[in-house]
Visitor: 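Just passing along the structure, written as structure tokens.
Keep in mind that what you see is a predicted model, and the values were worked out from it rather than measured. These values consider heavy atoms only, across backbone and side chains, with no hydrogens, waters or symmetry-generated copies. Lettering of chains follows the sequences in order, A, B, ..., and the numbering in each one begins at 1.
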Protein chains: 2
Amino acid sequence: MSTTHTTPTTPRTRDSRATREAVIAAATKLMRLHGYHGTSLDDVLRESGVGKGNFYYYFKSKEELGYAILDQLVADFLARTLEPCFADPEGNPIAQVHCLLDRVLEAQRGRHCVGGCPFGNLACELSDVHEGFRGRLAGVFSTWRERLTRAVGDAQARGLVTADCAPAAVAHFLVASLEGAILMTKLTKDISVMEQCVAEMKRYLASYEVTA
Amino acid sequence: MSTTHTTPTTPRTRDSRATREAVIAAATKLMRLHGYHGTSLDDVLRESGVGKGNFYYYFKSKEELGYAILDQLVADFLARTLEPCFADPEGNPIAQVHCLLDRVLEAQRGRHCVGGCPFGNLACELSDVHEGFRGRLAGVFSTWRERLTRAVGDAQARGLVTADCAPAAVAHFLVASLEGAILMTKLTKDISVMEQCVAEMKRYLASYEVTA
DNA sequence: TCGTCTGTACCGACTGGTTGGTACATTAAT
DNA sequence: ATTAATGTACCAACCAGTCGGTACAGACGA
């Protein structure tokens, strides 16, 4: 598994980026299941085949690795889940929200209800205990909500949604509900929980839509 | 802080129940903040003033302590949060659901957004990692949902709620949303998040109510 | 074109402290 | 005098992090 000295499985490229990324990839995978505290550095090192000395060449501490993982996760989330739904500025904003809900549902199905949401997991584990992580995670969810608030606000401006709708409150509720649904799905290991929750979220949204 | 050998702050009663409960109380408090993995036995022992030998007289392992905590937590939750809302079989079921939502909101306010939901926390940390805890936690949420399903079902039977309402789906969604809202409140440390989410949940419920 | 020098990339043994758990002596109540 | 309850010393495994050292590529002077 690990690249022994002479055999260049990794072609001995001395590529600084490859090692870093291998560590981050392994740690992301392990921490998604076992959490931050539940994942030891040795676990990460074993999984990635990177030596301890080398690890500390790239990362100052386990904490810094955590931040690096989070940064990577945020970039992926924005590029692969959030933005694709809201790409078209002319599209129906409510349909775009539906798109997001469906994407999250399908992601859980693809993972067979294992792993949950990495942001939610870290938020749950660290919010009360590590201010640095708390702040970064709050930022992630904040940009997520911003995206939704803008969409709902657009819909309202176009008269697709009733005037008594408070876009920011809707965004807060949707994000929270999605996180809760992911958690309950991971707990029950039953994708139908997620399906029911998404369906109810759509129904909730429909209660704001202007039908006439 | 800890009761040193001779000073009977705890009046040296040699009460088997007292020691057990002191351990459970201390562990409940610590684990709510730091999680199961993040709380060491020594932390619990220090906090409760119980010696290690004594601890292992009452508990087979840390895992068994976890189960004991969970049992205690479940009993408290049923008696102090869930049942009081649904006590009156004649009452308006929808009002009873509102009562529950308000109770959860006030609990978060009282805790200053710290600690989250102990069941949600454990579910997040352990669902993918410890089948024993996963099963027990799934049970807790199952009885919680049952209570809500029954209430919504009753409301439907009385014609207070539309026929297209699926009580079990509503219950799933409410519980998930509540858990998500608690998590987001713990993350943002902002009680208004919880307030907005509860308000939206009520609005969601209203979309099912028969207004005519 | 050879040798040396320098900086990056990497290794695995080791450290001090913590982990969950055990062994066993001692105390207090019956 | 038993026995239930408790304290203390201890253990091996594990933890994050450090250390001294190595391998090697490219730069540079001779």
Side-chain angles (χ1 to χ4, degrees), chain A residues 1-24 26-27 30-31 34-69 125-126 129-130 132-133, chain B residues 1-24 26-27 30-31 34-69 125-126 129-130 132-133:
Chain A
M1 194 59 69
S2 73
T3 52
T4 40
H5 324 264
T6 44
T7 40
T9 316
T10 310
R12 193 77 325 207
T13 30
R14 293 197 155 272
D15 184 352
S16 95
R17 213 163 297 169
T19 304
R20 230 189 107 89
E21 281 173 13
V23 169
I24 292 180
L30 290 173
M31 286 192 187
H34 304 96
Y36 181 79
H37 290 308
T39 305
S40 80
L41 224 33
D42 286 340
D43 291 338
V44 173
L45 267 22
R46 208 174 308 121
E47 174 85 14
S48 63
V50 170
K52 191 160 261 194
N54 199 15
F55 171 85
Y56 279 99
Y57 179 76
Y58 289 102
F59 300 94
K60 212 187 71 193
S61 62
K62 186 188 179 186
E63 187 184 47
E64 208 199 72
L65 168 62
Y67 287 146
I69 291 171
E125 185 180 359
L126 301 171
V129 149
H130 193 299
F133 278 109
Chain B
M1 193 61 70
S2 72
T3 53
T4 40
H5 328 263
T6 46
T7 40
T9 316
T10 310
R12 196 76 330 203
T13 30
R14 288 198 159 271
D15 183 351
S16 98
R17 211 163 298 167
T19 304
R20 227 189 110 88
E21 281 172 13
V23 169
I24 291 180
L30 289 172
M31 287 192 188
H34 304 96
Y36 182 79
H37 289 308
T39 305
S40 78
L41 224 33
D42 285 341
D43 291 339
V44 173
L45 267 21
R46 208 175 307 120
E47 174 85 14
S48 63
V50 170
K52 193 163 256 196
N54 200 12
F55 171 86
Y56 278 98
Y57 180 76
Y58 290 103
F59 300 94
K60 212 187 72 193
S61 62
K62 187 190 180 186
E63 187 185 46
E64 208 199 72
L65 167 63
Y67 287 146
I69 291 172
E125 185 181 358
L126 301 171
V129 147
H130 192 299
F133 278 110

Visitor: Using modelled atom types and a 3.5 Å cut-off, is there a donor and acceptor pairing between side-chain atoms of E125(A) and backbone atoms of Y36(A)?
Guide: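 At least one qualifying donor-acceptor pair exists.
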Visitor: Using OP1 and OP2 only, check whether a side-chain N or O of S40(A) sits under 4.0 Å from dC15(D).
Guide: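 The answer is yes; a side-chain N or O of S40(A) sits under 4.0 Å from OP1 or OP2.
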Visitor: Is a donor-acceptor pair below 3.5 Å formed from side chain K52(A) to base dA16(D), judging by atom type as modelled?
Guide: yes
Visitor: Starting the side chain at C-beta, find the nucleotide from dG21(C), dC15(D), dT8(C) nearest to Y57(A).
Guide: dT8(C)
Visitor: Tell me which nucleotide among dG20(C), dA16(D), dT6(D) gets nearest to the side chain of Y56(B).
Guide: dG20(C)
Visitor: Of all the choices, dG21(C), dT19(C), dA9(C), which nucleotide is nearest to the side chain of K62(B) once you look at every atom?
Guide: dG21(C)
Visitor: Whole angstrom is fine here: how far is it from CZ in F55(B) over to P in dG7(D)?
Guide: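 The answer, rounded to whole Å, is 14 Å.
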Visitor: Where the side chain of Y58(B) is defined as all heavy atoms beyond and including C-beta, which of dT8(C), dT6(D), dA16(D) is the nearest nucleotide?
Guide: dT6(D)
Visitor: Evaluate the side-chain proximity of F59(A) to I24(A): yes if any heavy-atom separation is below 4.5 Å, no if none is.
Guide: yes
Visitor: Could you check whether any side-chain heavy atom of F55(A) comes within less than 4.5 Å of a side-chain heavy atom of L65(A), counting everything from C-beta outward?
Guide: yes
Visitor: Side chain of N54(B) only, heavy atoms from C-beta on: which candidate in dT6(D), dG17(D), dC10(C) is closest?
Guide: dT6(D)
Visitor: For a quick test of reading the model: is some side-chain N or O of T19(A) closer than 4.0 Å to OP1 or OP2 of dC10(C)?
Guide: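 Affirmative; the distance criterion is met.
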